[in-house]
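Reviewing the structure listed below.
Nothing fancy with the numbering, it's 1 onward along the sequence.
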Amino acid sequence: MSNKPVDELVLSDEYEHQAVPAKARRSTFSVSMIWLGFPMIITGAMTGSILVAGMGFKSALTAMLIGNALMFAYVGALGTLGTSRGFNFALLASAVFGKKGYVFASGLLSTLLLGWFAVQTGITGNLIHTAFDLNYLVMTLIAGLLYLAITYVGIHGLHWIGLISVPLFVVLGGWVAFDSASAAGWSKVVDYAGTNPEMPMALGVGLTIVISLFIDAGTVTADFNRWAKDTRGSLIATFSAFPFANLLAMLVGGVMTAALAVPNPQPFGLDNMFGYMLAQHLGWLSVIAFVFLFCNLGSVCAHCLYNSAVGWSRIGNGRMRTFAIGLALIGITIAAANVWALFIPWLSLLGILVPPIGSIILADLYFVRPGAEIGANWRPRAFAAWFIGSLVAYVVETYAPELSTAIAAFIAGGLGYLVLSKLGDHSASAVSVSR
């Protein structure tokens, strides 16, 4: 038995403003459960449905596999930086963008993640309202407060909700996929060409959707991976999310959509695994579906709110739990306005703005200045590269929509930073020689 008070065991230090010390690091299993509970969600299944409906099953599967492989490389590399230093994302960004400059990168991502909290909370309220004819605002409020309670516990809460949410999804999602595919025939699922086979969604667009679904959370991966004891544990935890959990969630929705072959599927209505369970018209299964929805979306909402609160607590020089309360109230209020309907435009925005941030951090701390500490207030080079990456992404989005906006943004931001750093080094050397 531990001699620590109960409040210290449950509400432990979240290390918002410093590195996580070795004594506070968590097991590989614990960090993996935290990550597993994030992307293994019904929203991932909805995304899989959108991809399969737009691309056909085979092309969508290709996009899922490539996109998740890229996410593993991206999130894994950022995660090991967090593990080696014990830093959360805001602290890493302080080293790259500056002691004051980091506010723009961390603030953007923390705000986007608060938006995801609002979107997922709104989806919860909408699905419960649509399925059971319960008041949307009341259900949204209840959901938001429950998700806040999980977040308030901190990293322990994310671990515990993962222990509940992940087994539920594996069992229920597996049943939905196999039951629907078995009824339709697996050959029909594999050969499904989408709702508009004459004009399928381009592979680049599919890749952007796969990557953008978790590009924001993947970029702030240090918030989670800083708790890992070593690089091996960090990479195992990342792998449990990408490709495993994220791919599984997408396949559940994609298989179901291909099996049912609805002419105009509505994944944000009841054309998803939650709706499939309700369509069986079994009282006990409907109860399980109700509980599952709250637990499953509660997991992703708690993770998003945690990331947002950690980021804003660093910016506001406060505590994670204090900011979680305020941010949750803002998110719940936004959810009442049905912002979840802006899902696809939101993904496009993320594809333009977020990938350069991660690629700049990787380029700086792996290649340009390994081991760099927090120093200057502003690092203009990083901001110039961010602008370059986002500008290239905007051009791709506007003039070459068949390509992947997210990948273009990542490559342009990283290469831009490397080139600017090389030019800056040459300029500094020239000045030194002239003197």
Side-chain angles (χ1 to χ4, degrees), residues 31-51 60 63-79 82 89 108-120 123 158 162 165-166 169 205-225 234-235 237-254 296-297 299-308 310-311 340 343-344 346-359 361-362 404-407 409-410:
V31 181
S32 296
M33 287 308 304
I34 291 166
W35 260 122
L36 273 170
F38 205 172
M40 195 181 288
I41 52 172
I42 193 171
T43 316
M46 292 175 177
T47 304
S49 294
I50 291 171
L51 289 167
M64 293 177 198
L65 290 171
I66 295 174
N68 275 284
L70 292 174
M71 283 296 288
F72 172 71
Y74 176 73
V75 178
L78 285 170
F89 171 77
L108 170 66
L109 282 162
S110 297
T111 302
L112 291 175
L113 284 158
L114 175 62
W116 271 116
F117 169 81
V119 167
Q120 306 285 356
I123 290 176
L158 303 186
S165 175
V166 170
F169 190 96
V205 176
L207 284 174
T208 294
I209 291 176
V210 173
I211 294 170
S212 295
L213 181 62
F214 274 95
I215 191 65
D216 49 354
T219 301
V220 299
T221 179
D223 288 356
F224 301 141
N225 292 56
S234 180
L235 289 174
T238 302
F239 185 86
S240 71
F242 312 104
F244 180 71
N246 200 38
L247 179 60
L248 178 63
M250 290 180 175
L251 282 174
V252 167
N296 188 254
L297 291 183
S299 181
V300 67
C301 281
H303 282 74
C304 288
L305 184 57
Y306 179 85
N307 287 139
S308 182
V310 169
W340 56 270
F343 186 80
I344 299 301
W346 192 279
L347 293 184
S348 297
L349 174 66
L350 294 180
I352 291 174
L353 295 177
V354 175
I357 298 175
S359 65
I361 291 175
L362 292 175
S404 174
T405 304
I407 295 176
F410 174 86

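- Residues M71 and I211 form a side-chain contact, since some pair of their non-hydrogen atoms from C-beta on lies under 4.5 Å apart.
- Side chains of P355 and I215 form a contact here, defined as non-hydrogen atoms less than 4.5 Å apart.
- Shortest non-hydrogen contact noted between A237 and S32 is CA-OG, 3.4 Å.
- Between Y306 and F224, the two ring planes are parallel [angle under 30°; tilted spans 30° to 60°].
- Closest of all the heavy-atom pairs between S212 and A406 is OG-CB, 4.3 Å.
- Counting only heavy atoms from C-beta outward, the side chains of W116 and V119 approach each other to under 4.5 Å.
- In terms of modelled atom types and a separation under 3.5 Å, the side chain of S49 and the main chain of G253 share a donor-acceptor contact.
- Across every non-hydrogen atom of L114 and S308, the tightest pair is CB-OG, 3.6 Å.
- Within the 4.5 Å cutoff, side-chain heavy atoms of F410 are placed close to those of L362.
- With values rounded to the nearest 0.5 angstrom, C304 atom SG is found 10.5 Å from L112 atom CG.
- Screening N246, T238, N225 against W35 for a side chain to side chain donor-acceptor pair (under 3.5 Å) leaves a single residue, N225.
- Aromatic pair F239/F72: ring centres closer than 6.0 Å.
- Without hydrogens or angle criteria, T47 side chain to T43 main chain gives a donor-acceptor distance under 3.5 Å.
- The distance from atom CD1 of I407 to atom CG of L207, rounded to the nearest 0.5 Å, is 5.0 Å.
- Not a single donor-acceptor pair under 3.5 Å links the side chain of T221 to the backbone N or O of L78.
- Put simply, the side chain of S359 gets close to the backbone of P356: a donor and an acceptor are under 3.5 Å apart.
- Scanning all heavy atoms of the two residues, the minimum distance from V354 to D216 falls at CG1-CA, 4.1 Å.
- Not a single donor-acceptor pair under 3.5 Å links the side chain of N296 to the backbone N or O of S165.
- Side-chain contact annotation: S110 with N307, donor-acceptor N/O pair under 3.5 Å absent.
- When all heavy atoms are compared, the tightest approach of A409 to I352 is CB-O, 4.1 Å.
- Annotation: side chain of I34 is in contact with side chain of H303 (closest heavy-atom distance under 4.5 Å).
- Counting all heavy atoms, side chain and backbone alike, V252 lies closest to F169 at CG2-CE2, 4.0 Å.
- Judged by distance alone, with hydrogens and angles left aside, the side-chain atoms of D223 form a donor-acceptor pair with the main-chain N or O of F89 at under 3.5 Å.
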Let me see the working for I209 and L213 under side-chain contact (heavy atoms from CB on, under 4.5 Å), right down to the final yes or no. CA-CA 6 Å; I209 291 176; L213 181 62; 5.9 Å; no
Assess the residue pair Y74 and T219 against the criterion (side-chain hydrogen bond (donor to acceptor under 3.5 Å, both in side chains)); give the C-alpha distance rounded to whole Å, side-chain angles, the decisive distance to 0.1 Å, and a yes or no. CA-CA 8 Å; Y74 176 73; T219 301; 2.6 Å; yes
